[in-house]
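Structure record follows, encoded as structure tokens.
Atoms within a ligand are numbered from 1 in the order they appear, just like the ligands themselves. Only this structure's heavy atoms are used, side chains among them; waters, hydrogens and symmetry mates stay out.
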Amino acid sequence: MLDEDFVTMNKQYVFDTYGRAPIMLVSGRGCRVMDSKGREYLDFIGGLAACPLGHAHPKLTEAIAGQAGRLIHVSNLFYIEPQIRLAKLLVENSFADKVFFCNSGAEANEGAIKMARKYFHDRGQHDRYHVVTMENSFHGRTLATLAATGQSKYRRGFEPETPGFSHVPFGNIDALRNAVTKATAAVILEPIQGEGGVRVPPSDFMQKVRELCTETGCLMILDEVQTGMGRTGKLFAHEHFGIAPDVMTLAKGLAGGVPMGAVTAVDGVASCLSPGTHATTFGGNPLAAAAGIAVLAELLKDGFLEQVTSRGEYLRSRLKDLALQHPIVKEVRGLGLMMAIELAVPGAELAAAMREAGVLVNCTAETVLRFLPPLIVSEDEIDEMIGKLDGELRKMGGARKP
Ligand SMILES: *Cc1c(COP(=O)(O)O)cnc(C)c1O
């Protein structure tokens, strides 16, 4: 069947919710993916940060295949060995005492919001359900996480809005201080805003949020759906800031591309979700949990995260070189292998041109080109991407030097 047939069938049979690039990817290995016509691409989108080990990683493939051959799913009516093992690994390597598994980032954040409400309800504070989040944030597409998301464009048409949410400018501690009241159950934020354009907060912001939450008694919930699982060179991005949240949500890279999310929390908070109060059919099922174990085992190998840091610094320095050459590149920002360039013009055309040139990159927040390669990306692969980007930026004009 020709590709065009699939485009027609997609239009006929699939909800038209996505703006898709005109290619169909059918296989991959490492940081490369192949389309249905046999064209190869260097993948700097990495399944939107969901493929930390790249494609067809032997350890991950083996873990999934092995588990699929034994048991894929049984439900949480029973004890699940891979789920217990993965929870133990996450707890041993984070601030958290306990883990609840679900299936996506939105679902993890939804669970965290429910938990914040239940936490104060259990303490007799029935009016303390308000949640403060950041402008420009992204927390998911369910009704509550849409309300948490600080971008009104995503909510348009889905009114009435879920009550109990307000937004303050990211990085502005005074605005947050003013917004937090006796009715505030939680502050939810990303350590680095991903979808919002890879925005890194001012250096002491996270510490100040932590202090404010501790002072006022509300919960600090970190959405590490994108920044977690080694993306920034630490297992979890908040480690860069020397603080720990009360609750942290994970998804994207957690099971290396197999759908999985998690709510992690300290004991005092986790205990409010008592038996029967929260549940999901698939959460932490044997297949996803086996994949999660394989991913975490790789990330925890000696030197792995250090390598993410050095590759991230290498990517940053190469992007900074480009910024010096091309005035159209206004800024380079990010942490580890979550990097971006801010352009003086909309970035969608450049992303399309890069794809034509054989490199997949994502345009977010209109003018931001975002780089989320698999964490195993090599310096050669970074050089190759930079070479193509340099070429495309030159074609757009505005190169200062020949
Ligand atoms: C992607 C993302 C989400 C939503 O995750 P889904 O799995 O798409 O529901 C939530 N928060 C952040 C920070 C994200 O990057």
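Using cut-offs of 30° and 60° for the angle between ring planes, the F44 and F371 rings count as perpendicular.
Atom CZ of F100 has more than 12 neighbouring heavy atoms from other residues, nucleotides or ligands inside a 6.0 Å radius.
The CD1 atom of I45 sits 8.5 Å away from atom CG of L372, with the distance rounded to the nearest 0.5 Å. Separating the CD atom in E381 from the SG atom in C31 is a distance of 4.0 Å, to the nearest 0.5 Å.
Proximity of H139 to ligand 1, defined as any heavy-atom pair under 4.0 Å, is confined to the backbone N, CA, C and O atoms. Counting heavy atoms under 4.0 Å from ligand 1, residue S104 touches it through both backbone and side chain. Only the side chain of N109 comes within 4.0 Å of ligand 1, counting heavy atoms alone; its backbone N, CA, C and O stay farther away. Residue-level proximity to ligand 1 for E107 is absent, since no heavy atom of it falls below 4.0 angstrom.
Interface atoms of ligand 1 facing D223, defined by a heavy-atom separation under 4.0 Å, are 10 (C), 11 (N), 12 (C), 13 (C). The contact set between ligand 1 and K252, taken as ligand atoms under 4.0 Å from a residue heavy atom, comprises 1 (C), 2 (C), 3 (C), 14 (C), 15 (O). In the vicinity of Q226, heavy-atom distances shorter than 4.0 Å reach the ligand 1 atoms 15 (O).
Both the sub-6.0 Å distance and the 45° axial angle are not jointly satisfied by R156 relative to the ring of Y154.
At under 3.5 Å, not a single nitrogen or oxygen of V225, backbone or side chain, sits near a nitrogen or oxygen of ligand 1. Between A251 and ligand 1, no pair of N/O atoms sits closer than 3.5 Å. The distance criterion of under 3.5 Å between nitrogen or oxygen atoms is met by A106 with respect to ligand 1.
Of the options I188, N172, V168, a side chain to side chain contact (heavy atoms under 4.5 Å, CB included) to M134 is made by V168 and by none of the others. Between P191 and the choices H240, M248, E224, E239, the side chain to side chain contact (heavy atoms under 4.5 Å, CB included) rule is met once, by E224. The side chain to side chain contact (heavy atoms under 4.5 Å, CB included) with V329 is formed by just one residue from the set L389, L369, I341; it is I341.
For atom 5 (O) of ligand 1, the closest non-hydrogen atom on the protein side is G105 CA, 3.3 Å.
Within 4.0 Å of atom 8 (O) of ligand 1, not a single protein heavy atom is present.
In this structure, E190 has a heavy atom closer than 4.0 Å to ligand 1.
For F95 and H238, the ring centers are positioned less than 6.0 Å apart.
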